[in-house]
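Structure record follows, encoded as structure tokens.
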Amino acid sequence: MSARHFLSLLDCTPQELESLVRRGSELKDLRKRGVLFEPLKSRVLGMIFEKASTRTRLSFEAGMIQLGGQAIFLSPRDTQLGRGEPISDSAIVMSRMLDAVMIRTFAHSTLTDFAAHSSVPVINGLSDDLHPCQLLADMQTFHEHRGSIAGKTVAWIGDGNNMCNSYMEAAMQFDFQLRIACPEGYEPNAALLAQAGDRVMLLRDPREAAAGAHLISTDVWASMGQEDEVAARMATFRAYQVDRALLDSAADDVLFMHCLPAHRGEEISEDLLDDPRSVAWDQAENRLHAQKALLEFLVAPAFQNA
């Protein structure tokens, strides 16, 4: 299979990622100016959702429509995937009918298995291991507010989850220093941590991680599929709440990000999203623009002579 997939930030070069970030901002400007831009007219994106979604579905579906194409929502209960059809068989059939496939799933192996048998690009809309599309939006948001993130310090506070793993990949690809503050037993992927080397520092104290940071980011303490761990996680992570005082210990021009949905009063204080240093709403909007740039990059343009 010769298709170009996007399952991880490591599937692109640093130069390609920087180009995607810049292109996301350009497409954002085109939309704000009301310029019609439809390079993917007649193209169709299949969207497979095993996990619930707001921002991922809206951004990919709206993005394809704005680029002139269409998107089809697929869930396991609506397809043969939910009745035991092998992923490989589904990938072969779907990729003969679609121009790209976005998958939001639990096991990362679902993505790699599908991509191995797909003749069209496969995009990771989220897995338990990684969330690369969110990091494209995060990097675009930082660039729009502060310029290049290269050489800056980023603090991740909380669970060493899929977002944290993607932040480690981003540190390697976008050339920033990452400090991760998480409780013992909730560390991010060990192989990625080793691969990142001195690009990433693992800490226990969120104040130490936040000191002088230019960007602070966090996520919910219990992700989808961890509902039975909520009580234990609430107790373990209590000291890892991000509040205004924590931002005060960071750089004067610090930005705060959250991939949303946020649980106010848990991983963030009740008032944090209202703090002028929070750019969470810009970050959410940029899912649309960053993913439009990604779709434009991966999907062959419409027939020029149709």
Side-chain angles (χ1 to χ4, degrees), residues 5-11 46-57 59-60 73-77 79 81-82 84 86-88 90-91 101-118 122-138 156-173 178 180 182-196 200 202 217-234 236-237 240 257-263 266-267 287 291 294:
H5 305 303
F6 185 72
L7 309 186
S8 155
L9 289 178
L10 302 182
D11 288 334
M47 306 186 302
I48 300 173
F49 284 88
E50 292 184 347
K51 286 189 173 186
S53 168
T54 298
R55 281 150 291 275
T56 297
R57 180 174 180 181
S59 54
F60 272 108
F73 176 84
L74 302 164
S75 69
R77 67 176 178 275
T79 65
L81 279 170
I87 292 171
S88 56
S90 293
V101 179
M102 185 282 299
I103 304 177
R104 182 176 171 93
T105 187
F106 290 90
H108 194 76
S109 59
T110 298
L111 282 156
T112 54
D113 290 350
F114 196 103
H117 296 88
S118 174
V122 176
I123 298 170
N124 179 1
L126 177 142
S127 72
D128 284 347
D129 290 1
L130 297 169
H131 198 357
C133 286
Q134 181 65 60
L135 263 293
L136 284 181
D138 290 13
W156 174 265
I157 312 295
D159 190 19
N161 61 9
N162 50 5
M163 277 293 296
C164 183
N165 290 335
S166 284
Y167 259 99
M168 289 196 292
E169 291 191 341
M172 291 184 274
Q173 296 287 68
L178 177 65
I180 299 169
C182 64
E184 189 173 355
Y186 294 90
E187 294 83 3
N189 181 275
L192 271 178
L193 190 60
Q195 185 177 355
V200 178
L202 186 62
S217 187
T218 191
D219 193 6
V220 296
W221 292 337
S223 300
M224 283 176 284
Q226 299 173 335
E227 288 78 9
D228 58 341
E229 302 176 29
V230 170
R233 284 173 171 266
M234 290 300 160
T236 301
F237 283 91
Y240 290 82
M257 294 189 193
H258 192 306
C259 59
L260 304 179
H263 293 170
E266 294 178 11
E267 77 276 1
R287 288 290 303 278
Q291 286 160 195
L294 180 64

If you measure from [atom1] on [X] to [atom2] on [Y], what distance do you get to the nearest 0.5 Å?
{"X": "Leu7", "Y": "Thr110", "atom1": "CG", "atom2": "OG1", "answer": "11.5 Å"}
{"X": "Ser109", "Y": "Phe114", "atom1": "OG", "atom2": "CZ", "answer": "13.5 Å"}
{"X": "Met102", "Y": "Phe73", "atom1": "CE", "atom2": "CZ", "answer": "8.5 Å"}
{"X": "Cys259", "Y": "Gln134", "atom1": "SG", "atom2": "CD", "answer": "5.0 Å"}
{"X": "Leu135", "Y": "Met163", "atom1": "CG", "atom2": "CE", "answer": "5.5 Å"}
{"X": "Asn124", "Y": "Leu126", "atom1": "CG", "atom2": "CG", "answer": "6.5 Å"}

[Y] side chain reached by [X] side chain, heavy atoms, under 4.5 Å:
{"X": "Phe106", "Y": "Ser127", "answer": "no"}
{"X": "Thr105", "Y": "Phe49", "answer": "no"}
{"X": "Asp159", "Y": "Ile180", "answer": "no"}
{"X": "Ile103", "Y": "Ile123", "answer": "no"}
{"X": "His108", "Y": "Leu130", "answer": "yes"}
{"X": "Leu111", "Y": "His5", "answer": "no"}
{"X": "Pro188", "Y": "Asn161", "answer": "no"}

If we count only N and O atoms by modelled type, under 3.5 Å, do the side chains of [X] and [Y] hold a donor and an acceptor together?
{"X": "Asp129", "Y": "Asn165", "answer": "no"}
{"X": "His117", "Y": "Ser88", "answer": "no"}
{"X": "Glu169", "Y": "Ser8", "answer": "yes"}
{"X": "Thr218", "Y": "Glu267", "answer": "no"}

Side chain to side chain contact (heavy atoms under 4.5 Å, CB included), that's the test. Do Trp156 and Cys182 meet it? Break it down for me. CA-CA 8 Å; Trp156 174 265; Cys182 64; 6.0 Å; no
Between Leu178 and Tyr167, does a side chain to side chain contact (heavy atoms under 4.5 Å, CB included) hold up when you go through it step by step? CA-CA 8 Å; Leu178 177 65; Tyr167 259 99; 4.0 Å; yes
List the atom of [X], the atom of [Y], and the distance in Å for their closest heavy-atom pair.
{"X": "Val220", "Y": "Pro261", "value": "CG1-O, 3.2 Å"}
{"X": "Val200", "Y": "Ala196", "value": "CG2-CB, 3.5 Å"}
{"X": "Cys133", "Y": "Leu294", "value": "SG-CD2, 3.9 Å"}
{"X": "Met47", "Y": "Phe60", "value": "SD-CB, 3.8 Å"}

Enumerate the residue pairs fulfilling salt bridge (Lys or Arg N to Asp or Glu O under 4.0 Å) with a member in residues 185-194, sequence neighbours excluded, ordered by first and then second residue.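 Residue pairs passing salt bridge (Lys or Arg N to Asp or Glu O under 4.0 Å), neighbours aside: Glu187-Arg204.
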List the steps and the verdict of side chain to side chain contact (heavy atoms under 4.5 Å, CB included) for Leu193 and Met168. CA-CA 7 Å; Leu193 190 60; Met168 289 196 292; 3.7 Å; yes
Decide, yes or no, whether a salt bridge links Arg287 with Asp138 under the criterion of side-chain N to carboxylate O below 4.0 Å.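 No, this pair does not count.
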Check for a donor-acceptor pair, side chain of [X] on one end and backbone N or O of [Y] on the other, with a separation under 3.5 Å.
{"X": "Glu229", "Y": "Gln226", "result": "no"}
{"X": "Arg104", "Y": "Ile48", "result": "no"}
{"X": "Ser118", "Y": "Val122", "result": "no"}
{"X": "Ser59", "Y": "Arg55", "result": "yes"}
{"X": "His131", "Y": "Asn162", "result": "no"}

Under the side chain to side chain contact (heavy atoms under 4.5 Å, CB included) rule, what do Arg233 and Tyr186 come out as? Steps first, then yes or no, please. CA-CA 10 Å; Arg233 284 173 171 266; Tyr186 294 90; 3.7 Å; yes
